[in-house]
Amino acid sequence: MASQNQNNQDETAIDKVNTHLTEAGDKIANNKKIIFWGVGAILVVACFTLSYLFIYRAPHLQKSYEAYNRVEINAINDSVAAAQYKEVADKYKGDAAGNLAALSAGEALYNQGKYQEAAEYLKRFSSKDAVLDANAMVLTGDCYVNLKKYDEALECYQKAVRKADGNSQIVPRTLLKEANVYDEQKKFDKALECYTTIKNDFPEFRLGNGLEIDAYIARENARLGK
């Protein structure tokens, strides 16, 4: 009887081991299937990506640049240019050429005095070139100044200063624009800060109107009763 019980226990133990091995084998097989399908999916995505790049994306980019260049060559005035740049910017939104077209549309619209629409297109532009990006932000600020949206203008100018990262021409020129807005808002202390920053951080900068920065600092001090 003891021997039979022992045999039953051994069989039970063996059954458990077999069951465990079977489950493990099933898991390995399932994992292989997952790996197989995963690799297959990666290959499908890779093939699709390559096909997209070579069959669709490259010709699409070429068409977008061709469209942009046609406007560059053929636009006869700001009105025509604005309409054509807008068309390219809208059609190829998200592409590099569409990005440049948004900037050009913003400039042409600004020259027409369409400041709100110009700002909308300029805000769509972005560039890794700090100088270009900062100048676009300055022009956006100029749009808001003309719309008398002074807080929005200041926000743009401040962003431009950060993007310019110490550029010796863009930063002081933008600070002058900030100061003018602060003067319009009667925030003479803020305007003084801008002029003082120009004097201290950009001593070589020249205003181009025959005046020195000290004259502006003296004016703000007088307004503040100093």
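We use all heavy atoms of the structure for the numbers below, so side chains are in, but hydrogens, waters and symmetry mates are not. Keep in mind that what you see is a predicted model, and the values were worked out from it rather than measured.
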Next item on the list: Start with the C-alpha gap between L109 and E120, add the side-chain angles, then the distance that decides, and say whether side-chain contact (heavy atoms from CB on, under 4.5 Å) holds.
Entry: CA-CA 10 Å; L109 289 164; E120 290 170 3; over 6 Å; no

Side chains of [X] and [Y] in contact at under 4.5 Å (non-hydrogen atoms):
| X | Y | result |
| --- | --- | --- |
| Q112 | E117 | no |
| Y157 | V145 | yes |
| L154 | Q185 | yes |
| L132 | F125 | yes |
| L207 | E212 | no |
| K163 | I170 | no |
| V138 | K177 | yes |
| L103 | E107 | yes |

[X] [atom1] to [Y] [atom2] distance, which is reported to the nearest 0.5 Å:
| X | Y | atom1 | atom2 | value |
| --- | --- | --- | --- | --- |
| K123 | C156 | NZ | SG | 7.5 Å |
| K93 | N99 | NZ | CG | 11.5 Å |
| L139 | Y110 | CG | OH | 6.5 Å |
| K190 | L192 | NZ | CG | 11.5 Å |
| K187 | E220 | NZ | CD | 14.0 Å |
| L175 | K199 | CG | NZ | 15.0 Å |

Nearest heavy-atom neighbours spanning [X] and [Y]:
| X | Y | value |
| --- | --- | --- |
| C143 | A118 | SG-CB, 3.7 Å |
| A164 | V171 | CB-CG2, 3.8 Å |
| D78 | A108 | O-CB, 3.7 Å |

Notebook entry, point to check: Is there a donor-acceptor contact under 3.5 Å from the side chain of D95 to the main chain of A97?
Noted result: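 No, the answer is negative, given that no donor and acceptor are paired below the 3.5 Å cut-off.
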
Check: So, does R124 use its side chain to make a donor-acceptor pair with the main chain of A89 at under 3.5 Å?
Finding: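 Side chain of R124 to backbone of A89, a donor-acceptor pair under 3.5 Å: yes, one is there.
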
Notebook entry, point to check: After noting the C-alpha distance and the side-chain angles of R223 and D183, does the key distance pass the side-chain contact (heavy atoms from CB on, under 4.5 Å) rule?
Noted result: CA-CA 10 Å; R223 287 171 169 172; D183 278 337; 3.2 Å; yes

Checklist line | Intermediate values then yes/no, side-chain contact (heavy atoms from CB on, under 4.5 Å), T196 and Y216 | finding: CA-CA 9 Å; T196 302; Y216 289 88; over 6 Å; no

Do [X] and [Y] share a hydrophobic cluster, counting only Ile, Leu, Val, Met, Phe, Trp and Tyr and linking them when any side-chain heavy atoms are less than 4.5 Å apart?
| X | Y | result |
| --- | --- | --- |
| L211 | I217 | yes |
| L176 | V181 | no |
| Y92 | L122 | yes |

Next item on the list: Could you walk me through whether F202 and Q169 pass the side-chain contact (heavy atoms from CB on, under 4.5 Å) test, one step at a time?
Entry: CA-CA 9 Å; F202 303 94; Q169 289 299 315; over 6 Å; no

Item checked: Whether over 12 other heavy atoms sit under 6.0 Å from Q116 CD ->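 More than 12 within 6.0 Å, yes.
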
Checklist line | Other residues, nucleotides, ligands: >12 heavy atoms within 6.0 Å of D189 CG | finding: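 Buried by this count: over 12 neighbours within 6.0 Å.
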
Checklist line | Distance flag, aromatic centroids of Y144 and Y150, threshold under 6.0 Å | finding: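 No, they do not, as the ring centres are separated by 6.0 Å or more.
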
Next item on the list: Check whether the side chains of R173 and N135 place a donor and an acceptor atom closer than 3.5 Å, and report yes or no.
Entry: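 Side chains of R173 and N135: pair found under 3.5 Å.
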
Check: Given Y121 and D90, is the side-chain hydrogen bond (donor to acceptor under 3.5 Å, both in side chains) satisfied, shown in steps?
Finding: CA-CA 10 Å; Y121 275 91; D90 294 339; 3.1 Å; yes

Check: What do the steps show when you test F188 against Y182 for ring pair (Phe, Tyr, Trp, His ring centres under 6.0 Å), and what is the final call?
Finding: CA-CA 6 Å; F188 304 124; Y182 284 131; over 10 Å; no

